[in-house]
Amino acid sequence: MQAKITVTETWLRKHRHLYDGATRHPFIRSIRDGNINISAFKTWLGQDYIFVRAFVPFVASVLTKAYKGSDDGNGDVEVILGGVAALHDEISWFKKEAFKWGVQLSSIVPQKANQEYCRFLESLIGPEVEYTVAAVAFWAIETIYQQSFAHCLEDDSKTPPELKETCQRWGNESFGEYCNSLRNIVDRQLEKASDDVITKAEATLLRVLEHEVDFWNMSHGRT
Ligand SMILES: Cc1ncc(CN)c(N)n1
């Protein structure tokens with residue numbers, strides 16, 4: 001018997017071009033090819049620290065929605081709670097890494113693409129945004145990083161040794177499994193969602209892809 005094609009699979013096929021644009025961006029390719037400009041990397045590091053701080057309340061809101069809105073016989077809350085715990089480690093990691101690279105986090109000013117992305121996250125926090133829609137954003141945001149950095153760890157990559165740890169942070173297998181768990185949550189929700197929610201969720205996925213591309217562009221010095 002053939003496996004059923006899930007909604008996320010349909011979307012990823014339909015929006016492959018945009019998805020590849022986010023996960024195979026020139027910034028990521030430059031890490032993978034070993035010719036990353038270190039000042040671009042430092043820009044990314046400082047800006048991403050600001051993004052991750054704004055990401056925490058968004059993920060907390062997804063957790064609340066999971067608690068209130070899913071049947072949760074499926075353990076959504078535990079999976080998302082794992083994500084919150086990982087973010088705690090992520091923030092400590094950014095501080096340690098910034099120190100290593102001489103990036104002064106307290107003096108970083110968020111750039112336009114970052115501000116807009118953080119504003120978008122905030123727009124998804126309120127109770128009027130359905131759990132399914134917010135969960136799609138969450139899944140996409142985490143998965144783009146996982147896929148991007150895993151690409152830099154493939155056998156034929158020339159990622160500089162000093163950036164391997166960064167790539168491992170999101171490109172590792174267990175982060176990949178966590179992203180798969182988020183994808184299962186999303187597909188389960190989408191199975192029972194109304195057409196209206198499915199339409200909103202797909203539009204949200206597209207917005208995330210665009211914001212991620214803009215974020216890489218900003219880090220790469222293209223804005
Ligand atoms: C911009 C961005 N997107 C995703 C992630 C993964 N949490 C991140 N740290 N920053």
Side-chain angles (χ1 to χ4, degrees), residues 18-28 30-31 40-63 79-98 101 103 105 108-125 134-153 163 165-183 185-186 204-223:
L18 197 49
Y19 185 73
D20 287 350
T23 57
R24 300 289 184 264
H25 187 276
F27 178 79
I28 282 298
S30 73
I31 296 179
F41 176 76
K42 288 184 183 181
T43 300
W44 166 80
L45 190 73
Q47 293 293 320
D48 210 37
Y49 172 73
I50 293 177
F51 175 85
V52 171
R53 294 199 73 98
F55 193 47
V56 172
F58 164 69
V59 178
S61 78
V62 182
L63 184 71
V79 173
I80 299 162
L81 189 57
V84 175
L87 283 173
H88 184 263
D89 286 354
E90 210 166 295
I91 287 180
S92 308
W93 178 84
F94 271 104
K95 289 182 179 163
K96 180 175 74 83
E97 203 65 11
W101 290 97
V103 174
L105 291 176
I108 305 278
V109 177
Q111 292 187 26
K112 186 167 167 277
N114 200 1
Q115 282 173 9
E116 286 173 358
Y117 203 176
C118 293
R119 219 174 290 135
F120 169 69
L121 288 181
E122 265 182 58
S123 77
L124 296 173
I125 288 179
V136 164
F138 184 34
W139 156 67
I141 293 169
E142 295 289 53
T143 301
I144 291 164
Y145 259 43
Q146 203 281 328
Q147 297 277 300
S148 300
F149 285 109
H151 187 48
C152 301
L153 295 171
L163 299 189
E165 191 192 311
T166 300
C167 300
Q168 277 291 348
R169 164 127 234 115
W170 293 278
N172 74 75
E173 251 176 60
S174 109
F175 198 76
E177 281 162 21
Y178 156 68
C179 290
N180 279 338
S181 303
L182 292 179
R183 185 170 175 174
I185 288 176
V186 162
T204 301
L205 168 65
L206 296 183
R207 298 276 310 277
V208 168
L209 293 171
E210 286 160 4
H211 279 298
E212 287 287 338
V213 170
D214 289 347
F215 199 92
W216 293 134
N217 282 342
M218 167 195 73
S219 307
H220 213 41
R222 293 181 171 206
T223 47

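Read the numbers this way: they start at 1 and go in the same order the structure lists the ligands and their atoms. Start at 1 with the first residue, then count along the sequence.
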Partner set under salt bridge (charged side-chain N to carboxylate O under 4.0 Å, His left out) for E165, not counting sequence neighbours: K96

Fit a plane to each ring of F51 and Y117, take the angle between them on a 0 to 90° scale, and name the class: parallel (under 30°), tilted (30 to 60°) or perpendicular (over 60°). tilted

Compute the ring centroids of W101 and F94, then answer whether they are less than 6.0 Å apart. no

List the residues meeting side chain to side chain donor-acceptor pair (under 3.5 Å) with S148, not counting sequence neighbours, and say none if there are none. none

Taking side-chain contact (heavy atoms from CB on, under 4.5 Å) as the definition, give me every residue that meets it alongside A86, ordered by chain and number, with sequence neighbours left out. none

Measuring from each atom of ligand 1, which residues have a heavy atom under 4.0 Å away? D48, F51, V52, F55, E90, Y117, I141, E142, Y145, W170, E212, F215

Hey, what's the ring geometry for F58 with F138, parallel, tilted or perpendicular (30° and 60° as the breaks)? perpendicular

